[in-house]
Amino acid sequence: MEQAIEAVFENGMFKVIDPSTVHVAEGQKVRLVLEEPPGYTKEEIARRGKDIYERNIQSLIEANNKGRIVAIDVITGEFELADSALTSASQLRARLPEAEVFVLRVGYPALHKTRLRSVSNSK
């Protein structure tokens with residue numbers, strides 16, 4: 001049976017944060033799998049994604065793909081191109097499950113258009 005237990009490493013030992021979540025028999029051997037905490041803020045992902053796009057990807061795809069969506073892994077620089085954000089991000093995550101994904105619309109300054117309209121209080 002697999003279970004996730006949050007712990008911190010202090011003074012050479014792992015200390016379980018909430019012991020009531022642990023369901024392990026006394027003396028039972030366990031295997032620890034360490035995960036890195038999320039590494040980038042949303043702002044850092046956006047900054048890195050834009051930089052990677054402008055330096056490495058834009059000249060390769062922009063001429064023939066205006067309006068399509070590119071998903072970029074800001075860690076590796078790998079990317080996927082598709083007609084929707086969901087498709088491009090899904091294709092990228094299929095290849096790179098741990099990807100930190102940034103998406104943008106090729107040839108435009110924003111991914112989505114927002115249309116504003118006035119709202120009248122009178123009927």
Q: Count the heavy atoms belonging to other residues, nucleotides or ligands that lie under 6.0 Å from CG of D18, then report whether that count exceeds 12.
A: yes

(Q) Run the side chain to side chain contact (heavy atoms under 4.5 Å, CB included) test on E78 and I72 for me, step by step, so that the C-alpha distance in whole Å, both residues' side-chain angles and the decisive distance to 0.1 Å come before the verdict. (A) CA-CA 6 Å; E78 295 285 322; I72 303 165; over 6 Å; no

Q) Do T41 and I45 come close enough that some side-chain heavy atom pair is under 4.5 Å? A) no

Q) Is there a side-chain contact between R95 and E80 (heavy atoms, below 4.5 Å)? A) yes

Q. Are any side-chain N or O atoms of R93 and backbone N or O atoms of A99, one a donor and one an acceptor, separated by less than 3.5 Å?
A. yes

Q. Below 4.5 Å, heavy atoms only, C-beta onward: do F79 and I61 meet side chain to side chain?
A. yes

Q) Just checking, is any N or O donor in the side chain of S84 or T87 under 3.5 Å from an acceptor N or O on the other one? A) yes

Q) Should V101 and V74 count as side-chain neighbours, where that means a heavy-atom distance under 4.5 Å? A) no

Q. With side chains defined as the heavy atoms from C-beta onward, is the minimum distance between F102 and E44 less than 4.5 Å?
A. no

Q. Taking atom CD of Q28 and atom NE2 of H23, what is their separation to the nearest 0.5 Å?
A. 12.0 Å

Q. Do V106 and I69 come close enough that some side-chain heavy atom pair is under 4.5 Å?
A. no

Q) Going by atom types only, do Q58 and E54 share a side-chain donor-acceptor pair under 3.5 Å? A) no

Q: May I ask you to decide whether D51 forms a salt bridge with R55, counting only side-chain N to carboxylate O separations under 4.0 Å?
A: yes

(Q) Checking the side chain of R48 only, and the main-chain atoms of D73 only, is there a donor and an acceptor separated by less than 3.5 Å? (A) no

Q: Check whether Y108 and V70 end up in the same hydrophobic cluster, where Ile, Leu, Val, Met, Phe, Trp and Tyr are linked by side-chain heavy atoms less than 4.5 Å apart.
A: no

Q) Apart from V30 itself, which Ile, Leu, Val, Met, Phe, Trp or Tyr residues share its cluster (side-chain heavy atoms under 4.5 Å, direct or through members)? A) I5, V16, V22, V24

